[in-house]
Trainee: 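Below you'll find the structure I mean.
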Number of protein chains: 2
Amino acid sequence: MSNEAHSPRRRRGSEQPTLKEVAEAAGVSAITASRALNHPDQVNERTRARVLEAVERLGYVPNLVAGSLASARSRFIAVIVPSLANTVFIEVIQGLQETFEAQGYQILLGNTDYDTKREYQLVRTFLGWSCSALVTAGLRHSQACRTLLANWDKPIMEVMELGEALDLNVGLDHTEAGRCMARHLLERGHRQVLFVGARLESDYRAGMRYHGHREVLEQTGLAAPLIELDHGGLDAGAAGLTRALEKHGDVSAIHFANDDLATGALLHAQRLGIRVPHELAIAGFNGLPIGQHITPRLTTIRSPRQHMGQLAASEVIRRLEGKRIQRLQHDVGFELLIGEST
Amino acid sequence: MSNEAHSPRRRRGSEQPTLKEVAEAAGVSAITASRALNHPDQVNERTRARVLEAVERLGYVPNLVAGSLASARSRFIAVIVPSLANTVFIEVIQGLQETFEAQGYQILLGNTDYDTKREYQLVRTFLGWSCSALVTAGLRHSQACRTLLANWDKPIMEVMELGEALDLNVGLDHTEAGRCMARHLLERGHRQVLFVGARLESDYRAGMRYHGHREVLEQTGLAAPLIELDHGGLDAGAAGLTRALEKHGDVSAIHFANDDLATGALLHAQRLGIRVPHELAIAGFNGLPIGQHITPRLTTIRSPRQHMGQLAASEVIRRLEGKRIQRLQHDVGFELLIGEST
DNA sequence: TACAACCATGATAGCGCTAACATGATAGCG
DNA sequence: CGCTATCATGTTAGCGCTATCATGGTTGTA
C-alpha cells in the first residue's frame with residue numbers, strides 16, 4: 001500500500017525539512033532554492049519570493065554543515081588566544097567578533113592557556129572545520145604549527161605584537177612601549193627604576209616591554225633590575241610592591257608589566273601610607289579604566305585593543321573578498337597616558 | 001598517456017589528503033581508518049598503529065565538516081551571551097570553555113547585544129551547525145526563539161538566573177540577592193536607601209535584584225527610590241553618585257546594581273571628600289577583585305560565575321553522555337561579602 | 001534574420017565522511 | 001564437532017548541500 005521504497009538503509013539526521021523539500025514546496029529544483037537563499041541576484045525575483053515563502057512555511061533551517069562540505073568553505077574564523085582571564089584578549093576578541101559577525105562570519109574561539117602544543121591541537125581542529133581564516137594572538141608558534149599553517153592557503157592574521165609574521169599582522173611594538181615608559185620615568189628624574197612583571201616567559205610581550213625599558217636605562221648608564229612574580233592580578237601587584245621595597249629599599253619608581261599589577265601596588269601603597277608619586281612612582285601598561293579612576297591616576301600606556309581586533313578583522317575580510325591588501329602589516333600604536341602616579 | 005579518467009566534474013576542496021588516501025596508505029578500507037581514529041577500541045591494535053602511522057606520514061587532518069554531516073552531529077556547543085563587555089559573562093564562558101574543551105567540545109560563541117531578535121538569528125545559525133547543545137544566558141527569549149527550540153531535541157542549558165527553564169538551568173536567585181543586600185543595609189541602620197542601576201530593561205537581572213531590594217524595604221515601611229542610568233561602568237558610577245546626591249540629599253546608603261558602578265562611586269566619593277561609610281554607605285554586586293582592594297573594601301555579593309559555567313557544562317556533558325540527570329535545576333548560590341563600605 | 005550575449009533554471013555528480021548492514025574469521029561451549 | 005557469540009573488517013549508500021556544466025529562452029546587434 002505504502003509508497004515506501006525497499007529502503008535498506010535510512011539515516012535521516014533529523015526531522016528538520018531539507019532544502020529539497022523547500023524546493024518541492026516552491027516548485028523549483030533544489031539548486032534554485034539554494035541560489036535563492038545564497039545568491040539572490042542569480043534568481044528571478046518572483047521565484048525567490050516563492051522559495052522564501054516555502055522556507056518560512058516549513059520552518060526550514062539551512063544545514064550549514066552540508067553547505068560547508070559541498071562548497072569546501074565554512075564561514076568560520078578561527079580565533080586563538082592564550083587566555084580568557086585577561087581583559088586584553090577579551091577586548092581584542094570583542095573587536096574581532098563585532099566585525100566578523102556583521103559580515104556573517106562565525107568565530108571559533110580557542111584558548112591555549114599559554115601552551116604552544118595546545119595551540120597546535122587547536123589549529124589542527126580548526127583546519128578540520130574548513131575555517132575561512134585564522135586569527136591568532138602573537139607571533140610565537142611551535143614548529144609543528146608553522147608547518148601545518150605553511151600548507152594552508154587561507155588568510156592568517158597574527159595580532160597583538162609586530163614582527164616577522166606568517167601572513168597578515170596587526171599589532172603594536174611592545175619593545176618601543178617599554179622604551180617609551182622608561183624614557184618618561186627618566187624624564188621625571190627617576191634613577192632607581194625597577195621593573196616588576198609576572199611570568200615573563202609566558203607573557204613574553206611583557207618581556208619585550210622589559211627589554212625596551214632596560215635598553216633605555218642601560219643607555220643612560222643605569223641598572224634595570226627586574227622582579228618576576230609567579231602570577232598576575234591585583235594581589236600579586238600588592239605582593240610585588242612589598243617584595244620590591246624589601247629587595248630595593250632605594251627604589252624611586254616601579255614600572256609594572258601591566259595595570260593590574262600597578263593598580264594592586266598603588267592601592268597597597270595607599271594602605272601602607274606610601275605617598276605616590278612623591279616617595280614612589282608607579283607606572284603600568286594597558287590603559288584600563290580603573291587606572292584613571294583611582295587617585296592618583298595611574299600613568300600607563302593605552303593600547304587600542306578593540307580597534308586592533310576590528311582592524312584585524314577588516315583586513316582579513318578584505319582578503320577574503322579578494323580585495324587588494326595594501327599592507328600586510330599594521331601598527332596600531334599606543335598612547336602614553338600620564339597620570340599623577342609618576 | 002595519463003591515467004586521468006574522463007572526469008567531467010572535478011571538485012576537490014583542497015590538496016589535503018583524505019581519509020581514503022590514509023586508508024589506502026595503511027592498506028585498509030576507509031571505514032576502518034575512520035574507526036581507528038574515532039572508535040579505537042573497535043579496531044585491532046596493530047591495524048590502528050598502521051593507520052596512525054599513515055595519518056602522521058601524510059599529515060592528514062580530519063575533515064570535521066564531512067564527519068559532522070555524515071554522523072549528523074558535531075561537537076559544537078552553542079553559547080549565547082548578551083555581551084562580551086561584561087566580566088560576568090566572560091567568567092561564565094571561561095568556566096564553560098575549560099570544561100567543554102576538556103571533553104573535546106568546541107564552543108560556538110554568539111553575542112546578542114541584549115537583542116532577542118539577534119538571539120533568534122544566532123539560534124537559527126547554530127541549529128544549522130548541528131550543535132550538540134545550546135547554552136544561553138538568561139531565561140528570557142523571543143517567542144520565535146522558543147518555538148525553534150521547542151522542536152529541538154538536544155540539551156538546552158540556561159544559565160545566570162533561576163526560574164522556569166526550557167530544559168536545564170544553573171544559576172542563582174537574583175531577587176534573593178537583592179533582598180539579602182537590602183537586609184544588610186537595614187541591619188546597618190540605614191533608612192534612606194537608594195538603588196542605582198543602569199539599563200534595567202536590558203540588564204533585567206539587576207532589575208530582579210532591585211525588586212528584591214524594594215520588597216524588603218517596603219516591608220519595613222520604607223521607600224525604595226531608584227535611579228536608572230543609561231549606561232554602566234566606572235564613569236557611570238561616579239555620575240550616578242553625583243545624581244544621587246542631587247536628587248536625594250538625605251540618602252544614607254546606595255545599593256548599586258553592580259561593582260563597576262559601586263567602585264566608580266566609591267572612588268568618586270573619595271575625591272569629593274565624602275567619608276564612606278560614615279556619611280554614605282555604598283554596596284555593589286558581583287564580588288569583583290577590585291572591590292576588595294580599594295579602601296574601604298566594598299560590601300558586595302559574590303556570585304560563583306566560573307563555577308556556574310563549569311557546573312553548567314558538566315551537566316550538559318552528563319546529559320550528552322546519556323547519564324542520568326538528578327536535577328534539572330541547580331542553585332549555585334551567592335555570598336554576602338561585608339567590607340568597610342557599609 | 002542570424003548570431004552572440006546574457007539570463008534563469010535544471011540535471012548531475014560529487015564534497016569526505018560514517019551509519020547500517022554484511023561477511024568471514026576466530027573463540028567458546030556443551 | 002557443530003553451533004552460536006564475538007571480533008575485525010569491508011561494502012554500500014547516503015548525510016544535505018553546491019560546483020559545474022548544460023539548456024532553453026530572451027534580448028541586443030549588425
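Within every chain, numbering begins at 1; the chains are lettered A, B, ... in the order of the sequence lines, protein sequences first and strands thereafter.
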Trainee: Between C:dT18, C:dG14, C:dA19, which nucleotide gets closest to the side-chain atoms of B:Arg73?
Mentor: C:dA19
Trainee: Is A:Arg46 touching bases, backbone alone, or none of the nucleic acid, heavy atoms closer than 4.0 Å?
Mentor: nothing
Trainee: Report the distance from atom CD of B:Gln121 to atom CG of B:Asp115, rounding to the nearest 0.5 Å.
Mentor: 9.5 Å
Trainee: Any idea which of D:dC17, D:dT18, D:dC15 is nearest the A:Ala30 side chain?
Mentor: D:dT18
Trainee: For B:Leu166, is there any backbone N or O sitting under 3.5 Å from a side-chain donor or acceptor partner on B:Glu158?
Mentor: yes
Trainee: Given atom NE2 of A:His39 and atom C1' of D:dT20, what is their separation to the nearest angstrom?
Mentor: 13 Å
Trainee: From the options D:dA19, D:dC17, C:dG16, select the nucleotide whose nearest atom is closest to the side chain of A:Ser71.
Mentor: D:dA19
Trainee: For B:Leu162 and B:Asn169, run side chain to side chain contact (heavy atoms under 4.5 Å, CB included): C-alpha distance rounded to whole Å, both residues' side-chain angles, the deciding distance at 0.1 Å, then the answer.
Mentor: CA-CA 7 Å; B:Leu162 294 172; B:Asn169 185 202; 3.8 Å; yes
Trainee: Between B:Ser68 and B:Leu64 (side chain of the first, backbone of the second, donor and acceptor by atom type, cut-off under 3.5 Å), is there such a pair?
Mentor: yes
Trainee: Looking at B:Ser34, I'd like to know whether one of its side-chain N or O atoms comes within less than 4.0 Å of OP1 or OP2 on C:dC17.
Mentor: no
Trainee: Between B:Thr116 (side chain only) and B:His141 (backbone N and O only), is there a donor and an acceptor less than 3.5 Å apart?
Mentor: no
Trainee: Starting from P on C:dT18, measure out to CG on B:Leu64 and report it in whole angstrom.
Mentor: 9 Å
Trainee: For atom CD of A:Glu321, is the number of surrounding heavy atoms from other residues, nucleotides or ligands below 6.0 Å larger than 12?
Mentor: yes
Trainee: Salt bridge between B:Glu101 and A:Arg118, side-chain N to carboxylate O under 4.0 Å?
Mentor: yes
Trainee: At less than 4.0 Å, is any side-chain N or O atom of B:Asn63 found next to OP1 or OP2 of C:dC15? Yes or no.
Mentor: no
Trainee: Below 3.5 Å is the cut-off: list the nitrogen or oxygen pairs between protein and nucleotides 7-9 of chain D, distance only.
Mentor:
| from | atom 1 | to | atom 2 | distance (Å) |
| --- | --- | --- | --- | --- |
| D:dT9 | OP1 | B:Thr47 | OG1 | 2.5 |
| D:dT9 | OP2 | B:Asn44 | N | 3.0 |
| D:dT9 | OP2 | B:Thr47 | OG1 | 3.3 |

Trainee: Please give, in whole Å, the distance from C:dC15 P to B:Glu21 CD?
Mentor: 11 Å
Trainee: With distance as the sole test, does A:Arg50 use its side chain to make a donor-acceptor pair with the main-chain N or O of A:Ala26 at under 3.5 Å?
Mentor: yes
Trainee: Is the A:Phe76 to B:Phe76 ring centre distance short of 6.0 Å?
Mentor: yes
Trainee: How many Å lie between CG on B:Leu37 and P on C:dA19, as a whole number?
Mentor: 13 Å
Trainee: Given atom CG of A:Leu69 and atom P of D:dC15, what is their separation to the nearest angstrom?
Mentor: 13 Å
Trainee: Mind checking what makes ring pair (Phe, Tyr, Trp, His ring centres under 6.0 Å) contact with A:Phe126, not counting sequence neighbours?
Mentor: none
Trainee: Rounded to the nearest Å, what distance is computed from the CD atom of residue A:Glu24 to the P atom of nucleotide C:dG10?
Mentor: 12 Å
Trainee: Using whole Å, report how far CG of B:Leu19 lies from P of C:dC15.
Mentor: 14 Å
Trainee: Tell me the interatomic distance from B:Tyr60, atom OH, to C:dG16, atom C1', rounded to whole angstroms.
Mentor: 8 Å
Trainee: Here's a test of your reading of the structure: between A:Ala33 and B:Ser68, which maps to the more 5' nucleotide of DNA chain C?
Mentor: A:Ala33
Trainee: Kindly express the pairing pattern of DNA chain C in dot-bracket notation, using | wherever a base pairs with another strand and counting only Watson-Crick or G-U pairs under 3.5 Å.
Mentor: ||||||||||||||||||||||||||||||
